[in-house]
Amino acid sequence: MMRTSTLWTFLALPLLACSAIASAQTPAKPSDAPPQLERIEEMGEAPITVAPAAAKQQITEKREAGVTSEVKVTTGGSTYYMKPATGADQANGGALRGPQWKVLEFDLGKKKQKQRDEEAAEAPAPPAATK
């Protein structure tokens, strides 16, 4: 008789655990009282500034004798170049090489000098002296 009572005990424990989990998952009854709402202070009209949209993509093609020799694509902050394939790549049917990304560009004072020259060229010429 002892065996049957322990068997029923072992079977009853998982059933009780499952029923406890199931009863914990039942949703609570909502109350009839309306929820407490908070008053939000109205703010004055804030000025809205709309920034102009930057150029999304710029494509520049270089042609030699009517054939495109290089394509420069500038998108956002990145720049890459597409050039036609030469040699064995054309035998496989590939018309373009993989893109060549522009990683770093060193100034060495050339851009600054170019900007100064452009500013000097754009400055109005002094009026001619009249006699």
Side-chain angles (χ1 to χ4, degrees):
M1 194 53 128
M2 185 68 158
R3 283 186 154 187
T4 56
S5 64
T6 56
L7 178 66
W8 287 111
T9 307
F10 283 122
L11 289 176
L13 286 176
L15 291 174
L16 288 173
C18 289
S19 65
I21 292 172
S23 65
Q25 291 180 355
T26 56
K29 292 183 181 179
S31 65
D32 293 333
Q36 294 280 337
L37 301 178
E38 295 180 19
R39 184 174 262 312
I40 299 175
E41 295 180 23
E42 291 187 21
M43 302 295 289
E45 290 187 29
I48 298 173
T49 56
V50 178
K56 294 181 181 178
Q57 187 176 29
Q58 181 180 7
I59 300 174
T60 307
E61 291 185 7
K62 289 185 183 176
R63 294 180 178 257
E64 294 176 2
V67 178
T68 303
S69 63
E70 180 179 287
V71 177
K72 177 182 175 184
V73 179
T74 305
T75 304
S78 63
T79 301
Y80 63 92
Y81 298 89
M82 297 293 292
K83 296 180 182 179
T86 57
D89 290 336
Q90 290 180 349
N92 294 330
L96 292 174
R97 291 189 282 190
Q100 296 175 339
W101 294 91
K102 181 177 174 183
V103 179
L104 294 175
E105 181 179 32
F106 296 99
D107 185 13
L108 302 178
K110 292 179 185 177
K111 284 186 178 178
K112 292 178 184 175
Q113 183 63 34
K114 185 178 178 184
Q115 287 176 352
R116 288 185 201 132
D117 292 343
E118 288 176 356
E119 288 173 1
E122 290 175 1
T130 56
K131 292 185 180 180

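In this text, all values refer to a predicted model and were calculated from it rather than measured experimentally.
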Exercise. Sequence neighbours left out, what pairs pass salt bridge (charged side-chain N to carboxylate O under 4.0 Å, His left out) with at least one residue falling in residues 7-20?
Key: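 Those involving residues 7-20 do not exist here.
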
Practice problem: Not counting sequence neighbours, which residues clear side chain to side chain donor-acceptor pair (under 3.5 Å) with Asp117? List them please. | Solution: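 Asp117 satisfies side chain to side chain donor-acceptor pair (under 3.5 Å) with Gln113 only.
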
Quiz prompt | Test side chain to side chain donor-acceptor pair (under 3.5 Å) applied to Lys72 - qualifying residues, sequence neighbours left out | solution =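 Lys72: no side chain to side chain donor-acceptor pair (under 3.5 Å) contacts found.
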
Quiz item: For Arg63, what residues pass the salt bridge (charged side-chain N to carboxylate O under 4.0 Å, His left out) criterion, not counting sequence neighbours?
Solution: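 Result, salt bridge (charged side-chain N to carboxylate O under 4.0 Å, His left out) vs Arg63: Glu61.
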
Practice problem: Mind checking salt bridge (charged side-chain N to carboxylate O under 4.0 Å, His left out) for Lys62 and listing every partner two or more places apart, or none if nothing turns up? | Solution: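 With neighbours one apart ignored, the set is Glu70.
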
Quiz item: Is there side-chain contact between Lys102 and Tyr81, with heavy atoms separated by less than 4.5 Å?
Solution: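 Counting from C-beta outward, Lys102 and Tyr81 do come under 4.5 Å.
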
Quiz item: Does some side-chain heavy atom of Ser78 sit less than 4.5 Å from a side-chain heavy atom of Trp101?
Solution: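 Heavy-atom side-chain distance check passes, below 4.5 Å.
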
Quiz prompt | Results of side chain to side chain contact (heavy atoms under 4.5 Å, CB included) for Ile59 - residues two or more places apart only | solution =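 Per chain and number, Ile59 pairs via side chain to side chain contact (heavy atoms under 4.5 Å, CB included) with Gln57, Val71, Val73.
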
Self-check item: Point-to-point distance, once rounded to the nearest 0.5 Å, from OH of Tyr80 to OG1 of Thr75
Solution: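 Rounded to the nearest 0.5 Å, the OH-OG1 separation comes to 5.5 Å.
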
Quiz item: What heavy-atom pair brings Ser69 and Pro84 nearest, and what distance separates the two atoms?
Solution: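 Looks like O-CD, 3.1 Å.
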
